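Structure first, then comments.
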Amino acid sequence: MKIATFNINGIKARAEALGNWLDEAQPDVALLQEIKSVDENFPAELFEDRGYNVVTHGQKSFNGVAILSKLPLEDVSRGLPGDDEDEQARWIEATVTGERHAVRLCGLYLPNGNPAPGPKYDYKLAWMERLEARARALLSEETPALMAGDYNVIPQPEDAARPDAWKNDALFLPQTRAAFRRIVNLGFTEAFRARHRGPGHYSFWDYQAGAWQKNNGIRIDHLLMTPACADLMTDCAIDREIRGRDKPSDHVPVWVELAA
DNA sequence: ATGACGCCTCTTAGGCGA
């Protein structure tokens with residue numbers, strides 16, 4: 001079961017590029033972020049025609065998450081628990097069942113948090129506390145579960161081409177990294193680092209200032225697996241090359257293969 | 001660096017992102 005996370009930066013602008021990538025990469029599941037669309041305007045038929053089931057949790061203009069899955073999506077849940085006042089669409093869950101295992105899938109778009117300090121950074125840290133609570137609950141199930149998406153967190157200096165440039169940024173501040181590390185340390189396996197060491201692995205390159213051409217990237221799209229899920233992982237990689245195509249998102253897909 | 005780039009919309013300007 002191949003499961004990918006991909007911040008597409010707008011479904012309207014990315015429909016064609018996303019379709020091309022799906023046709024080539026053939027993921028069983030794609031967790032999408034920043035659809036920037038209300039549910040009614042999401043072009044589900046483009047993906048249903050390719051054999052995907054589609055669930056969305058959208059909002060107008062900003063944010064929005066979706067799941068595309070060739071397997072049926074069961075027990076769909078929208079919104080991260082813990083704040084009934086939060087109207088930003090950043091979390092969606094569903095269960096898929098493989099030949100041997102059911103896997104709980106959580107797609108997330110963690111708040112950017114800039115500028116920091118400030119109310120946006122406070123919202124990011126509060127959201128991460130709610131994420132930690134949901135993560136604890138998933139672990140207590142002792143079943144395969146995956147929390148994947150755009151975390152807007154650079155975990156370590158080696159995850160940025162120019163870490164000094166991010167020193168005061170909400171993606172890299174010590175408090176941000178500590179909150180991420182606290183969640184991982186509950187018992188999750190960060191899929192990419194379980195298989196690849198060293199610098200130079202990125203999932204985002206800014207549109208500006210030739211960041212892609214200079215390979216000035218950061219690694220902020222992550223897949224966190226419960227122990228029962230990590231036991232099933234057979235591969236993990238970043239589909240780096242699609243950043244160089246026409247009309248790319250500023251993020252690229254990251255995927256895991258699970259023997260589920 | 002008040003920059004760039006590209007997405008979005010109550011669109012041709014301004015908000016937002018990372």
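So that the names make sense, note that chain A is the first sequence line, chain B the second, and so on, each numbered from 1. These figures come from a predicted structure and were not determined experimentally.
- For A:Ile35 and B:dT9, the CD1 to P distance is 12 Å, given to the nearest whole Å.
- Nucleic acid contact class of A:Tyr151 (heavy atoms, under 4.0 Å, all strands): none.
- Counting only distance, with no hydrogens or angles, the side chain of A:Asp159 and the backbone of A:Gln156 share a donor-acceptor pair below 3.5 Å.
- B:dT11 and B:dG15 have their P atoms separated by 14 Å, with the value rounded to a whole Å.
- In this structure, the side chain of A:Asn63 does not engage the main chain of A:Arg90 through any donor-acceptor pair within 3.5 Å.
- Summarising the geometry, the separation between NZ on A:Lys12 and C1' on B:dG6 is reported as 14 Å, rounded to the nearest angstrom.
- A:Phe6 and A:Trp21 have their aromatic ring centers within a separation under 6.0 angstrom.
- Not one side-chain nitrogen or oxygen of A:Tyr207 sits closer than 4.0 Å to the OP1 or OP2 atom of B:dG3.
- Atom CH2 in A:Trp166 sits about 13 Å away from atom P in B:dG17, given to the nearest Å.
- What separates NE2 of A:His251 from C1' of B:dG17 is a distance of 8 Å, to the nearest Å.
- Going from atom CG of A:Asn7 over to atom C1' of B:dC16 covers 13 Å, rounded to whole Å.
- Sequence order on DNA chain B of the closest nucleotides to A:Tyr109 and A:Ala13 puts A:Ala13 first from the 5' end.
- Comparing B:dA18, B:dG15, B:dG17 by their closest approach to the side chain of A:Lys120 singles out B:dG17.
- Closest to the A:Ser61 side chain, of the nucleotides B:dC8, B:dC16, B:dA18, is B:dC8.
- If you check every strand for non-hydrogen atoms under 4.0 Å, A:Asn152 touches sugar and phosphate atoms only.
- Listed candidates were B:dG17, B:dT9, B:dA4. Nearest to the side chain of A:Gln208 is B:dA4.
- A centroid separation of less than 6.0 Å is found between the aromatic rings of A:Phe192 and A:His201.
- Using P as the reference atom, B:dT12 and B:dA18 are 25 Å apart when rounded to the nearest Å.
- At the phosphate of B:dC7, neither OP1 nor OP2 sits under 4.0 Å from any side-chain N or O atom of A:Asn9.
- A:Trp212 and A:Trp205 have perpendicular rings, their planes meeting at more than 60° on a 0 to 90° scale where under 30° would count as parallel.
- Using atom C1' as the reference point in both B:dT2 and B:dA13, the two lie 16 Å apart (nearest Å).
- The base of B:dA18 sits with one of its N or O atoms less than 3.5 Å from a complementary donor or acceptor on the side chain of A:Asn112.
- In this structure, A:Leu173 atom CG and B:dA18 atom P are separated by 15 Å, rounded to whole Å.
- To the nearest angstrom, C1' of B:dA18 lies 11 Å from NZ of A:Lys36.
- Less than 6.0 angstrom separates the ring centroid of A:Phe42 from the ring centroid of A:Phe47.
- Taking atom C1' in both B:dA1 and B:dC10, one finds a spacing of 32 Å when rounded to whole Å.
- Across the interface with DNA chain B, nearest-nucleotide mapping of A:Lys247 and A:Ile220 shows A:Lys247 to be the residue nearer the 5′ end.
- As judged by a 4.0 angstrom heavy-atom cut-off over every strand, A:Asp221 is placed among residues making no nucleic acid contact.
- Look at NZ on A:Lys60: it is 12 Å from P on B:dC8, rounded to the nearest Å.
- The side chain of A:Ala209 lies closest to B:dA4, out of B:dC7, B:dA18, B:dA4.
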